[in-house]
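Residues: numbered from 1 along the sequence shown. Since this is a predicted model, take the numbers as computed values, not measurements.
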Amino acid sequence: MHKKVSSRDINGQSFSKLKKVETIPDPDIYDITYVDISPSEGSSSPLSKSPWSVQIDPNAVDSPYHSAKVTTGAATGKSNHNHSPNILLGSIVREEGHIYSLATSGDLLYTGSDSKNIRVWKNHVEFSSFKSNSGLVKAIVLAGAKIFTGHQDGKIRVWKASSKDSNVHRRIGTMPNLCDYIRNSIVPTSYFNFTRRNRSSAALGFRHLDAISCLALSEDKRLLYSGSWDKTFKVWRVSDLKCLESVNAHEDAVNAVVSGFDGLVFSGSADGTVKVWRREDQAKETKHFFSQTLLKQDCAVTAIAVDQSASLVYCGSSDGTVNFWERENNMRNGGVLKGHKLAVLCLVAAGNLMFSGSADLGIRVWRRPEGGCSGGGEHVLLSVLTGHAGPVKCLAVERDQESVSGERRWIVYSGSLDRSVKMWRVSENSPPMVNQETRLPDQFGGSSELTVAPSFSGQGRISSKK
């Protein structure tokens, strides 16, 4: 059973927030905790079950199935020939589960799904895999030789490739570990050697009591942050896997935690807020103190990304918008990026670009202004990448090593509830879009300009599946 409380969105329409799940939830329905579930009975499709449309007025938007129509320099009045087209390179297809998490390191891509498997891909071919018995893999973070995975059961598993055979991965730990339980049972009040201030006395301690929604590393890679539906985020030491701190951060599920610049940590929640926490490293302790609330709204915060080079913070919401703040502007709201028709589910920043993935099946590519937003510049939309048949749940990005001189390109990986991972090549020098035409993807009887690249099966063979 699940319990809901009624709330109101920005348009005055009611929706429900999922407050507690006492049984293992169907991930297609319950992955985000702010939703009103109203699918037709008997429907089994992830799209028909998708809850991420509850805050969009269907009469006020166009079709969410877009294909980018990229303009030429002549059309925009600017000449910029030093760029490659933004294209779909291919798809990795493995018919076993919806893709919920991605991570990339060098030539390796890690994918997590609701099949309990974490798969490792190299040059589009399955290189290795390892399995957990804990249910769907909600998040993956790479820290040197260690691989951290966050799970539906509220635990973090730690893995490492064998030194003798890189194809073999072994679990080297679980967080919290046995020592955490022993220490907490012996002296529960002093497990964390700091005093809780201005927070609920009902600290949840060293273990999460609900599903883990996100993982993130600190700037120096020494700390791991985990956010959970239990309304907390926790701080772990990477070296010995010990839980250092538990922060009762929000009034509803924590959907995003990201370590930013200047020792700041940003958290976003289904309660509609984005909060800033200040990290202080003391002699033998690491403490986090509440600093300010950047955003308070009726709709849920679903994703956060930080652009370290420009000190920008982006926040995606269930109403399809992306808010942003800039350090140079004293962390005042710099504006709202609009265009998605349904909820923004994931964000990632790389170079001058920011990518937003959505339940509307699309990925929008934004370029920030060179001189910063505080100087009067504005973000511009470069492309809308389409091709997925399900909501875009996660994104990962790496530098394209084959970029030509004078051009910086990125390889973007997108994971979806359509059970596939797609690979895109995007150039920072792309001209802005001036319009886009509404088209239906192939599975809806139409065509799409970016769905013609080959797909690769789990064995690396070209597949006819989209």
A.B. asks: When you measure from the side chain of Asn123 to the backbone of Val125, do you find a donor-acceptor pair of N or O atoms at a distance under 3.5 Å?
C.D. replies: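 No, because the side chain of Asn123 does not come within donor-acceptor range (under 3.5 Å) of the backbone of Val125.
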A.B. asks: In terms of ring plane angle, is the pair Trp159 and Phe130 parallel, tilted or perpendicular, where the classes change at 30° and 60°?
C.D. replies: tilted
A.B. asks: Given 3.5 Å as the limit, does a donor-acceptor pair link the side chain of Ser317 with the main chain of Val301, or not?
C.D. replies: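 No, the answer is negative, given that no donor and acceptor are paired below the 3.5 Å cut-off.
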A.B. asks: For the residue pair His169 and Ser162, confirm or rule out a side-chain donor-acceptor distance under 3.5 Å.
C.D. replies: no
A.B. asks: Is the distance between the ring centroids of His379 and Tyr314 less than 6.0 Å?
C.D. replies: yes
A.B. asks: Has Asp262 got a side-chain atom pairing as donor or acceptor with Leu264's backbone, closer than 3.5 angstrom?
C.D. replies: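 No, the answer is negative, given that no donor and acceptor are paired below the 3.5 Å cut-off.
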A.B. asks: Please check if the side chain of Thr302 supplies one atom and the backbone of Val344 the other of a donor-acceptor pair under 3.5 Å.
C.D. replies: yes
A.B. asks: Of all heavy-atom pairs between Ala343 and Ser358, which one has the smallest distance, and what is that distance?
C.D. replies: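 Between these two residues, the closest heavy atoms are O-OG, 2.8 Å.
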A.B. asks: Answer yes when Asp307 and Arg368 have at least one side-chain N-carboxylate O distance shorter than 4.0 Å, and no when they do not.
C.D. replies: yes
A.B. asks: Restricting to non-hydrogen atoms, name the atom on Leu347 and the atom on Met354 that form the minimum distance, rounded to 0.1 Å.
C.D. replies: CD2-SD, 3.7 Å
A.B. asks: Check step by step if side-chain contact (heavy atoms from CB on, under 4.5 Å) holds for Trp236 and Ile156.
C.D. replies: CA-CA 10 Å; Trp236 312 79; Ile156 303 169; 3.7 Å; yes
A.B. asks: Let me confirm one number: the CZ-CG distance from Phe355 to Leu382, rounded to the nearest 0.5 Å.
C.D. replies: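 Going from the CZ atom of Phe355 to the CG atom of Leu382 covers 8.5 Å.
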A.B. asks: Can a salt bridge be assigned to the pair Lys275 and Asp271 using a cut-off of 4.0 Å between side-chain N and carboxylate O?
C.D. replies: no
A.B. asks: Assess whether atom NZ of Lys146 is packed by more than 12 heavy atoms of other residues, nucleotides or ligands within 6.0 Å.
C.D. replies: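 For Lys146, atom NZ is crowded (more than 12 foreign heavy atoms under 6.0 Å).
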A.B. asks: Is any side-chain heavy atom of Arg278 closer than 4.5 Å to one of Lys287?
C.D. replies: no
A.B. asks: Please name the pair of heavy atoms, one in Ala305 and one in Ala349, separated by the smallest distance, quoted to 0.1 Å.
C.D. replies: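 Answer, listing the atom of Ala305 first, then Ala349: CB-N, 4.3 Å.
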A.B. asks: For a quick test of reading the model, state the closest non-hydrogen atom pair linking Val257 to Gly227 and the distance between them.
C.D. replies: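 In this case the closest contact between Val257 and Gly227 is CG2-CA, 4.1 Å.
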A.B. asks: Taking the side chain as every heavy atom from C-beta outward, state whether Arg419 and Ile99 have any pair of such atoms under 4.5 Å apart.
C.D. replies: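 No. Closest side-chain heavy atoms not under 4.5 Å.
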A.B. asks: Under 4.5 Å between any side-chain heavy atoms of Lys122 and Val120, yes or no?
C.D. replies: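 SC-SC contact between Lys122 and Val120 ruled out.
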A.B. asks: Is the distance between the ring centroids of His250 and Phe233 under 6.0 Å?
C.D. replies: no
A.B. asks: Under the side-chain contact (heavy atoms from CB on, under 4.5 Å) rule, what do Leu417 and His388 come out as? Steps first, then yes or no, please.
C.D. replies: CA-CA 9 Å; Leu417 297 188; His388 278 295; over 6 Å; no
A.B. asks: Just wondering, do Ser128 and Val168 contact through their side chains at under 4.5 Å, heavy atoms?
C.D. replies: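 They are not in side-chain contact.
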A.B. asks: What I'd like to find out is whether the side chain of Leu224 reaches to under 4.5 Å of the side chain of Met175, using heavy atoms alone.
C.D. replies: yes
A.B. asks: One thing to verify: whether Glu126 and Arg119 come together as a salt bridge, which I'm taking to mean a side-chain N less than 4.0 angstrom from a carboxylate O.
C.D. replies: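 Salt bridge flag = yes for Glu126 with Arg119.
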A.B. asks: How long is the gap from CZ on Arg237 to OG on Ser218, to the nearest 0.5 Å?
C.D. replies: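 Spacing of CZ (Arg237) from OG (Ser218) equals 12.0 Å.
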A.B. asks: For Phe261, does the six-membered ring have the charged nitrogen or CZ of Arg327 within the cation-pi criterion, i.e. under 6.0 angstrom from the centroid and within 45° of the normal?
C.D. replies: yes
A.B. asks: Assess the residue pair Cys315 and Leu295 against the criterion (side-chain contact (heavy atoms from CB on, under 4.5 Å)); give the C-alpha distance rounded to whole Å, side-chain angles, the decisive distance to 0.1 Å, and a yes or no.
C.D. replies: CA-CA 9 Å; Cys315 151; Leu295 180 68; 3.8 Å; yes
A.B. asks: With a 4.0 Å cut-off on N to O distance, would you call Arg222 and Asp281 a salt bridge?
C.D. replies: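 Judged by the 4.0 Å cut-off on N to carboxylate O distance, Arg222 and Asp281 do form a salt bridge.
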A.B. asks: Answer with yes or no whether the side chains of Lys234 and Ser246 bring together a donor and an acceptor at under 3.5 Å.
C.D. replies: yes
A.B. asks: Check for a donor-acceptor pair, side chain of Asp114 on one end and backbone N or O of His98 on the other, with a separation under 3.5 Å.
C.D. replies: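 At least one qualifying donor-acceptor pair exists.
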A.B. asks: Are Val426 and Ile411 packed together at the side-chain level, in the sense that at least one heavy-atom pair is separated by less than 4.5 angstrom?
C.D. replies: no
A.B. asks: Could you grab the distance from atom CG of Leu337 to atom OG1 of Thr321, nearest 0.5 Å is fine?
C.D. replies: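 Here the interatomic distance stands at 9.0 Å.
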A.B. asks: Rounded to the nearest 0.5 Å, how far does CG of Asn117 lie from CD of Glu96?
C.D. replies: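 Reported value, rounded in 0.5 Å steps: 4.5 Å.
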A.B. asks: With a 6.0 Å cut-off on ring centres, are Trp277 and Phe290 close enough?
C.D. replies: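 Between Trp277 and Phe290, the centre distance is under 6.0 Å.
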A.B. asks: Quick one: are Val238 and Leu217 in side-chain contact, heavy atoms under 4.5 Å?
C.D. replies: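 Heavy-atom side-chain distance check passes, below 4.5 Å.
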A.B. asks: What is the minimum heavy-atom distance between Leu361 and Pro391, and which atoms define it?
C.D. replies: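 Result for this residue pair: CD2-N, 3.6 Å.
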A.B. asks: Does the side chain of Glu398 come under 3.5 Å of the side chain of Trp410 through a donor N or O and an acceptor N or O?
C.D. replies: no
A.B. asks: Val421 vs Trp121, test: side-chain contact (heavy atoms from CB on, under 4.5 Å). Steps then yes/no.
C.D. replies: CA-CA 11 Å; Val421 176; Trp121 305 82; over 6 Å; no
A.B. asks: Hey, is the main chain of Glu428 close enough, under 3.5 Å, to the side chain of Arg367 for a donor-acceptor pair?
C.D. replies: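 Yes, the answer is positive, given that a donor and an acceptor are paired below the 3.5 Å cut-off.
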A.B. asks: Taking Gly97's backbone N and O only, do any of them form a donor-acceptor pair with Ser115's side chain (distance below 3.5 Å, no angle check)?
C.D. replies: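 The answer is no, because no donor-acceptor pair under 3.5 Å joins these two groups.
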A.B. asks: For Ala389, is there any backbone N or O sitting under 3.5 Å from a side-chain donor or acceptor partner on Asp418?
C.D. replies: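 Confirmed, Asp418 side chain pairs with Ala389 backbone.
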A.B. asks: Under 3.5 Å, is there a donor-acceptor pair between the Thr149 and His151 side chains?
C.D. replies: yes
A.B. asks: Val392 and Ser414: which non-hydrogen atoms are nearest, and at how many Å?
C.D. replies: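 It is CG1-CB, 4.1 Å.
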A.B. asks: Does the ring centre of His288 sit less than 6.0 Å away from the ring centre of Tyr225?
C.D. replies: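 Yes.
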A.B. asks: If we count only N and O atoms by modelled type, under 3.5 Å, do the side chains of Thr174 and Lys155 hold a donor and an acceptor together?
C.D. replies: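 Result is no, nothing qualifies.
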A.B. asks: Is any NZ, NE, NH1 or NH2 atom of the basic residue among Lys341 and Asp360 found under 4.0 Å from an Asp or Glu carboxylate oxygen of the other?
C.D. replies: no
A.B. asks: Just verifying a value: how many Å separate Ile118 CD1 and Arg171 CZ, rounded to the nearest 0.5 Å?
C.D. replies: 10.0 Å
A.B. asks: Measure from the side-chain N and O atoms of Ser383 to the backbone N and O of Leu385, and report whether any donor-acceptor pair falls under 3.5 Å.
C.D. replies: no
A.B. asks: Would you confirm whether Gln297, through its side chain, and Cys299, through its main-chain N or O, come within 3.5 Å as a donor-acceptor pair?
C.D. replies: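 Checked: pair present.
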A.B. asks: When rounded to the nearest 0.5 angstrom, what is the spacing between CG in Asn248 and CG in Asp230?
C.D. replies: 8.5 Å
A.B. asks: Please tell me if the side chains of Tyr413 and Thr104 come closer than 4.5 Å, counting only heavy atoms from C-beta onward.
C.D. replies: yes
